[in-house]
Q: 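Once you've had a glance at the structure underneath, I'll fire off some questions.
The shown structure was predicted, so the numbers you read here are calculated from the model rather than taken from an experiment. Reckoned from all heavy atoms, side chains included, excluding hydrogens, waters and symmetry mates. In the text below, chain A, chain B and the rest are named by the order of the sequence lines, each starting its count at 1.
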Amino acid sequence: MTTGSDKTDLSPALAAGVSVSARRGPWKRVFQGLVASPTAMISAGLLLLIVVATLLAPVYAKHVSGTDPFRSGLSARIKIDGKPTPVMQQSTEGLGLGVTPIGPTWGAQYILGADGQGRDVAARMLYGGQNSLLIASAATLICLFFAAVIGITAGYAGGPVDSVLSNLIDMIWAFPVYLLAISLSIVMIGKSYSFGPFEISSGSLIVPILIIGLVYVPYVARPIRGRVMAINNSEFVMAARGLGIRRWKILFRHILPNVSTTLIVFAPMLMALNIVTESSLSFLSVGVQPPNASWGTILQDGQTLLYSRPWVSLAPGLAIMVTVLLLNLFGDVLRDVLDPKSARGR
Amino acid sequence: MLAAIFKRLLRMVVVMFGISVITFLIFFATPSSDPAARIAGRNAAQETIEAVRKDFGLDRPLYVQYGLMMQRLFISQDLTSFANRGQKIVPTVMAAAPATLSLVAGAAVLWMLGGVVAGITAAAFRGRWPDKILMGISMMAVAMPVFWVGEMVNLVTQNRLHDTWAFSWVPALGYTPFSEDPGLWFRSMVFPWLTLAFLYIGLYGRMLRTGIIETYQEDYIRTARAKGLTGRKVLLKHATRSAIIPIVIMFGMDFGVLVGGAAVLTEVVFGINGVGRLTYQALKVLDLPMILATVLYASFFVVVANAVVDLLCLLIDPRMRRA
């Protein structure tokens, strides 16, 4: 329990006649606030379900669909009603040239149909979900880390350091996010890098993670900087300074704990944003690279099959929508719990 | 006031210069990007790459390359594409601009109207079913990738239900200039407009609702109520008026970014040859002069929108003039 957070606790505590909550510690109070909200609990539970489902992808591929979702199955045959049926079916339209992948079978194998290379879409959805969620969460952590470092440095140091960093932030801000991400992707993707002992292979997920993580840094760093400046000018920090407490100690004991709530509020919304960004970049084929799957790459695979096999596009789109929706719902509650002022209007 | 405007304009120029340098460095000076090797193509012989390097002036020092490119882009305006050397950059970008502008301007009208109506309605019915339905829809709108919405719209209007009375009027994907056939222009833009606007109606509606509800806590609203003003008057004349300022600011920024090419996904899905699609195609073949031009074009709108918004704030809110 820090002096910094005491201040935010004080006013409601006073209003309630020094309630117990002030002594209970802020994190416990946040946790209890989340548990008390059905919206938060249901969305968190469903998100957990999605995570577990994607983690079970190998099990699904092995025991249910029985196909390797990373190898093309152009000549595969499956049994439907006891009859062997090719996965890639001869087209019946036009001249009958070309093949169309099998549509949803609503059975164990190819429940959502196959994609253009005869791979099981449902199994790829689960594997792709792993990657989409991994990229989104790793990019969120990267973004929060750099935004915190830049925002706190600029806000706390002030002076020339602040003006250099703020101008840099403004400059990157003026760059449309998607154009910046696409530019970085085109230059960086599809190549291998080596930094001393570290080797990044060409299809590695690290590249999209870094790109998606970095493009949103200005959007978080700017409010963090403002928050640090506000805390720095608040009475309790001035009092601490007046007492002769050293700058570093003020930074770690008073500024950081107060900024951390702002960072946490950003996390779920940033993750939601990152899932959409990943899908957009992969849709433009500058995100996750084949043979890796993600919800975005499945959407891209489905683009040419949109009119004949819409489920290849429908399924990943719905998965993205549901996941983002749940993250935003959870994020709304989290914000209200962490920042009671924003909740008074609701 | 005049000094503030001048300072803002100067800053604009500095930011644009910075953006041009960043873009240039991303494509010319990143360790892994060798523009000459890209232009020469896959598996090109070393001599070919060297010849290309010399031919395109890529063997000169970086600052000379930068200076030359800027000079040919802004002063002589005869910069040509790397991918197609007969194609001049400036006229190509200008030719793509009207398509993007039609898309974004039409969508902007829809999303401003839709966002304001949705926000005010939701705030007026706070906690009751119209609020819940509107906010549910807006959460969905924000959660769906815009290109996916576009694909689903195409699936219905171009394919599954195209031959029914409902959507038989929708022309094939693509853009027809207004000057050629206003009717066709309008019919082909209806669904791109709706698709692009949908996301922003969700965003703006939510923001306006929160803003109005927060304003309701202010003292002057209580005063207005105490003076006996009707609920509708308080909502529309007092609360909405102050809650709409952040919306106007956001609108300026979003409009600038989209006109500059951020509507790339909508343009790709609906086959509209706008600036976003031009940028995307230039990026795919690493057509450096085209990339520089389109990115600068985009950042110009962002920077101008930023400046206009700042100046508007100075005009609206006298408190900001002191800062």
Q: Using a 4.5 angstrom heavy-atom cutoff, name the option from B/Val14, B/Thr215, B/Asn154, B/Ile212 with the most pairs to chain A.
A: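 Looking at each of B/Val14, B/Thr215, B/Asn154, B/Ile212 in turn, B/Asn154 comes out on top.
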Q: Please examine the side chains of A/Leu325 and B/Val142, heavy atoms only from C-beta on, and report whether any two atoms are closer than 4.5 Å.
A: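 Contact flag for B/Val142/A/Leu325 side chains = no.
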Q: With a cut-off of 6.0 Å (strictly less than), are more than 12 heavy atoms of other residues, nucleotides or ligands near CZ of B/Phe300?
A: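 Not more than 12 within 6.0 Å, no.
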Q: Are the side chains of A/Pro310 and B/Met152 in touch, meaning some heavy atoms are under 4.5 Å apart?
A: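 Contact flag for A/Pro310/B/Met152 side chains = no.
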Q: Determine whether more than 12 heavy atoms belonging to other residues, nucleotides or ligands lie under 6.0 Å from atom CZ of A/Phe146.
A: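 No, not enclosed.
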Q: How far does CG of B/Leu265 sit from CG of A/Leu281, to the nearest 0.5 angstrom?
A: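 Atom-to-atom, B/Leu265:CG and A/Leu281:CG are 8.5 Å apart.
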Q: Can you say whether A/Leu318 sits under 4.5 Å from chain B via the side chain, the backbone, both, or neither, judging by heavy atoms?
A: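 Backbone plus side chain of A/Leu318, per the 4.5 Å heavy-atom cut-off to chain B.
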Q: So for A/Leu168, is it side chain, backbone, both, or neither that comes closer than 4.5 Å to the heavy atoms of chain B?
A: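 Neither the backbone nor the side chain of A/Leu168 comes within 4.5 Å of chain B.
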Q: Taking all non-hydrogen atoms of both residues, which atom of B/Trp148 and which atom of A/Ser313 are closest, and how far apart?
A: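 Where B/Trp148 meets A/Ser313 most closely, the heavy atoms are NE1-O, 2.9 Å.
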Q: Which heavy atom in A/Leu284 sits nearest to a heavy atom in B/Tyr280, and how many Å separate them?
A: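 Closest approach of A/Leu284 to B/Tyr280: O-OH, 2.7 Å.
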Q: Are B/Pro145 and A/Ile320 packed together at the side-chain level, in the sense that at least one heavy-atom pair is separated by less than 4.5 angstrom?
A: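 Yes, close enough: below the 4.5 Å cut-off.
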Q: Can you tell which part of B/Val15 gets under 4.5 Å to a heavy atom of chain A, answering side chain, backbone, both or neither?
A: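 For B/Val15, heavy atoms of backbone and side chain both lie under 4.5 Å from chain A.
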Q: Atom OG1 of B/Thr279 and atom CD1 of A/Ile182: how far apart are they, to the nearest 0.5 Å?
A: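 Here the rounded value is 8.0 Å.
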Q: A/Ser279 versus B/Phe147: any side-chain heavy-atom pair under 4.5 Å?
A: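 In short, these two side chains touch, coming nearer than 4.5 Å.
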Q: Would you say A/Asp332 and B/Met139 make side-chain contact, with heavy atoms under 4.5 Å?
A: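 They are in contact (side-chain heavy atoms under 4.5 Å apart), so the answer is yes.
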Q: Measure distances from A/Leu180 to the heavy atoms of chain B and classify the residue's part below 4.5 Å as side chain, backbone, both or neither.
A: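 For A/Leu180, the contact with chain B is made by the side chain alone.
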Q: Find out whether B/Glu151 and A/Leu299 are in side-chain contact, i.e. whether some heavy atom of one side chain is under 4.5 Å from a heavy atom of the other.
A: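 In short, these two side chains touch, coming nearer than 4.5 Å.
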Q: Report which part of B/Met140 has an atom under 4.5 Å of a heavy atom belonging to chain A: side chain, backbone, both, or neither.
A: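 The answer is both parts of B/Met140.
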Q: Output the distance between atom OG (B/Ser138) and atom CG (A/Asn328), rounded to the nearest 0.5 Å.
A: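 Going from the OG atom of B/Ser138 to the CG atom of A/Asn328 covers 9.5 Å.
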Q: Which one, B/Leu155, B/Val257, B/Val149, B/Leu258, leads in non-hydrogen pairs under 4.5 Å with chain A?
A: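 Of the options given, most contacts go to B/Leu155.
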